Each structure stands twice: as structure tokens, then as C-alpha cells.
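I have placed the structure first, in the form of C-alpha cells, so that the comments after it can refer back to it.
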Amino acid sequence: MYTKQTVTFISGLALLLLPYISYAQCDARLNNIDHLFDDFDQYHALQKVDAKKQLRINVINDEQCQLHIILTSENQAQLKGAFQSIAYQFRSDTQQLVSSSISRLQLVESAAEVELLIPSGTPVKAGLYTDRLQIKLYDQNNQLLDERQLDIETDIAPRTSLSVLGYNTFANTINLGELIPLQEYAMLPSLQVVTNSDVRLRVSSDNKGKLVHSMYQQQYAIDYNLDLAGNWLGLSQDTNKTFSYAGQTVFLLPLKIQLADFKEQAAGEYTDTIRFQISPLNY
């Protein structure tokens, strides 16, 4: 007798279910650029702090994104003008990152702030200076999302001042002591010119180059010449001297006086007033 056995084979199918992950597309774009602060146009080399231009770069549609901004300069971080180029730096407020050519900026609350700095002490001639910034927005995969160009234009104003070294007022009296024929008096103060531009110095004498007796006026007078930084000036008429700016911010101009060969002059006090007037050129 035969026993029938049934063998049942059960086959199983294992299905591996993989989760479907959807990456949301990043639609972030550059928005407006705010100018928060700018004192470049007032910069001068003797100031104690850096000149600053502060910008805020705003971004929209950034909720699903991890972003950064790359900021570069067309002129390699230099403001170019007709007279010279001014090197400047980038600084990020969030990272305190200082760079001379390229800056990577992280966003905080949909914006990145950056400062452009002209370091104090940098010699700068007055004039118009420009650069162009390239602003590029990237996602976490370094894919370029948006870009913008920003023109930087700065018109640095001429700043010129004139003072008598060691004196605090605009009008000063110099006592020559005893007047001696042909004597040269070199113990006079120096003029100090502080400027960031070419300048013209105008020199004039109220008595046209004569020391005039305080009582007898033109009846008694002594001719003299003025030496200005090694150049003797006749003061019978107004004289103009030009000084060209070439990176030197402070000029010291020593003064000397030489009397003519006089005789038979009345005793007493002789005076004249010399006036110095300075003005920038080509502005």
C-alpha cells in the first residue's frame, strides 16, 4: 500500500520598501542691497579710524535653502581713479573676516552684511574713484542661483588746511628784534599745509614788501624779501606758488626774511602784514 505524500513548497517574496525622499527646490534669489553707512567721501590720511562703506545684501525665497554669497571685486579690491588706486578690504560682521580680494559671506536672517574699509593712514588724493562688485548666491551644492553687479563710486572731497606751526590762531605776530641792514632772520616759524590735493598758495604783503614805520608811515620804510621753503619771493605784488600732491599729506614750509641794505631810517617800530591763502586746484 502506498502512502501519498504531498510536499508543498511555499515561496515567499520579500519586498524591500525604500522611502521616497523628495528634495525641495531652492528658489532663493538676491533681493535689494541696502547702503547702511558710507564715509568714504570724507576720508583723509590723518584720520585715526578706517573709512567704512557698509552694505546689507538681502535674499528672498530662502526658507528651504542653505546659502552663501561670494563677493569679488572687478579691480581686485581697489578703487581706481584718474590719479591713483586705493586698496581696500572686505570685512564680514558675522565672521570678522578680512580679505583683500574675495569674501565668502554667510547669511543671517535672509541677509549678509559686509563692510568695505580704507585703512587709516592710506595716502589718498582727492578725486572720483570706482570699482564694481560681483555678488553671487550659491546653495549648499555650490550651484549658482543668482548674481548681481554693484557699482561702487566714491568722490573723495579735497581737504586743505594751513597753519603756522606752533601757533593756534590764524593771526600771529613775529618780533624780529633789532633791524640790521642785509640781515637774514631765520628764526621764523614754518607754515604747515595739510592737503589731499594739489594746492595753490597765495602770498601777499599789505605794504608790498616793505616794513613801514608805525608813526611816519611811507616816509620811512625798509624793503625786504621773504624766503618760502628755499624760494625767495619779492612781495611788491601778490605771488602764487603751486604744490603738487604725490602721496605727501603734510608739507612744512620754513620761512625766512632778509632786509635790504638800508640807512638813515628813523628809530622806531616797523611793521608789515603778510597774508597766506591756500586753495585746492582743479576742483
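Note that the structure is a prediction, hence the values are computed from the model and not measured.
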So do [Y] and [X] actually touch side chain to side chain, heavy atoms under 4.5 Å?
X: Lys80; Y: Ser85; value: yes
X: Leu259; Y: Tyr185; value: yes
X: Val199; Y: Leu162; value: no
X: Thr130; Y: Asp151; value: no
X: Leu201; Y: Leu228; value: yes
X: Phe40; Y: Leu116; value: yes
X: Gln89; Y: Pro119; value: yes
X: Asp50; Y: Thr122; value: no

Reported [atom1]-to-[atom2] distance for the pair [X] and [Y], which is rounded to 0.5 angstrom:
X: Arg148; Y: Asn32; atom1: CZ; atom2: CG; value: 8.0 Å
X: Tyr224; Y: Gln258; atom1: OH; atom2: CD; value: 13.0 Å
X: Asp198; Y: Thr160; atom1: CG; atom2: OG1; value: 9.5 Å
X: Leu179; Y: Glu269; atom1: CG; atom2: CD; value: 9.5 Å
X: Glu153; Y: Arg132; atom1: CD; atom2: CZ; value: 11.5 Å
X: Gln265; Y: Gln219; atom1: CD; atom2: CD; value: 10.0 Å

Nearest heavy atoms of [X] and [Y], plus distance in Å:
X: Phe262; Y: Ile222; result: CD2-CG2, 3.5 Å
X: Arg29; Y: Leu145; result: NH1-O, 3.4 Å
X: Asp41; Y: Asp38; result: OD1-O, 4.4 Å
X: Ser73; Y: Gln78; result: OG-N, 4.1 Å
X: Arg159; Y: Tyr43; result: CD-O, 4.2 Å
X: Pro158; Y: Ser197; result: CB-OG, 4.0 Å

[Y] reachable from [X] in the ILVMFWY side-chain graph, under 4.5 Å edges:
X: Ile33; Y: Val114; result: yes
X: Val194; Y: Ile278; result: no
X: Leu226; Y: Ile180; result: yes
X: Leu150; Y: Ile57; result: yes
X: Met215; Y: Tyr220; result: yes

Tell me which one of Val59, Leu105, Ile70, Leu144 satisfies side-chain contact (heavy atoms from CB on, under 4.5 Å) with Leu137.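 Filter result, single survivor: Val59.
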
So which of Asn172, Ile174, Leu165 actually passes side-chain contact (heavy atoms from CB on, under 4.5 Å) with Pro189?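 The single option meeting the side-chain contact (heavy atoms from CB on, under 4.5 Å) with Pro189 is Ile174.
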
Would you say that more than 12 heavy atoms from the other residues, nucleotides or ligands in this model lie under 6.0 Å from the [atom1] of [X], or not?
X: Gln183; atom1: CD; result: yes
X: Gln237; atom1: CD; result: no
X: Glu109; atom1: CD; result: no
X: Lys52; atom1: NZ; result: yes

Is a donor from one side chain sitting under 3.5 angstrom from an acceptor on the other, for Asp227 and Asn225?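 On atom types as modelled, these side chains do not qualify, holding no pair under 3.5 Å.
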
Assess the residue pair Asp238 and Lys208 against the criterion (side-chain contact (heavy atoms from CB on, under 4.5 Å)); give the C-alpha distance rounded to whole Å, side-chain angles, the decisive distance to 0.1 Å, and a yes or no. CA-CA 8 Å; Asp238 293 356; Lys208 304 303 180 184; 4.2 Å; yes

Can Ser120 and Val49 be said to form a side-chain contact (heavy atoms from CB on, under 4.5 Å), step by step? CA-CA 5 Å; Ser120 62; Val49 296; 5.7 Å; no

Salt-bridge criterion met for Asp206 and Arg275 (N-O under 4.0 Å):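 Judged by the 4.0 Å cut-off on N to carboxylate O distance, Asp206 and Arg275 do form a salt bridge.
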
Taking Ala77's backbone N and O only, do any of them form a donor-acceptor pair with Asn75's side chain (distance below 3.5 Å, no angle check)?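 No; judged by distance alone, with no hydrogens or angles, the pair does not exist.
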
Donor-acceptor contact below 3.5 Å, side chain Asn196 vs main chain His44: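 Flag not set: sc Asn196 to bb His44 has no pair under 3.5 Å.
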
Find out whether the Lys NZ or Arg CZ of Lys125 is both under 6.0 angstrom from the six-membered ring centre of Tyr245 and within 45° of the ring's axis.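 Not satisfied by the 6.0 Å and 45° rule.
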
Is the ring pair Phe251/Phe243 parallel, tilted or perpendicular, if the boundaries are 30 and 60 degrees?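 Rings of Phe251 and Phe243: tilted, as their planes differ by 30° to 60°.
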
Measure up the Phe90 and Tyr88 rings against each other and bin them: parallel (under 30°), tilted (30 to 60°), perpendicular (over 60°).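 Geometry flag for Tyr88 against Phe90: perpendicular rings.
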
Derivation of the side-chain contact (heavy atoms from CB on, under 4.5 Å) call for Leu255 and Phe276: CA-CA 12 Å; Leu255 300 175; Phe276 301 94; 4.2 Å; yes

Among Thr273, Asp223, Asp272, Thr271, which residue meets the side chain to side chain donor-acceptor pair (under 3.5 Å) test with Asn207?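 It is Asp272, the one option of Thr273, Asp223, Asp272, Thr271 that forms the side chain to side chain donor-acceptor pair (under 3.5 Å) with Asn207.
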
Dump the intermediate steps for side-chain contact (heavy atoms from CB on, under 4.5 Å) on Lys210 and Tyr270, then the final yes or no. CA-CA 9 Å; Lys210 297 178 183 293; Tyr270 289 76; over 6 Å; no

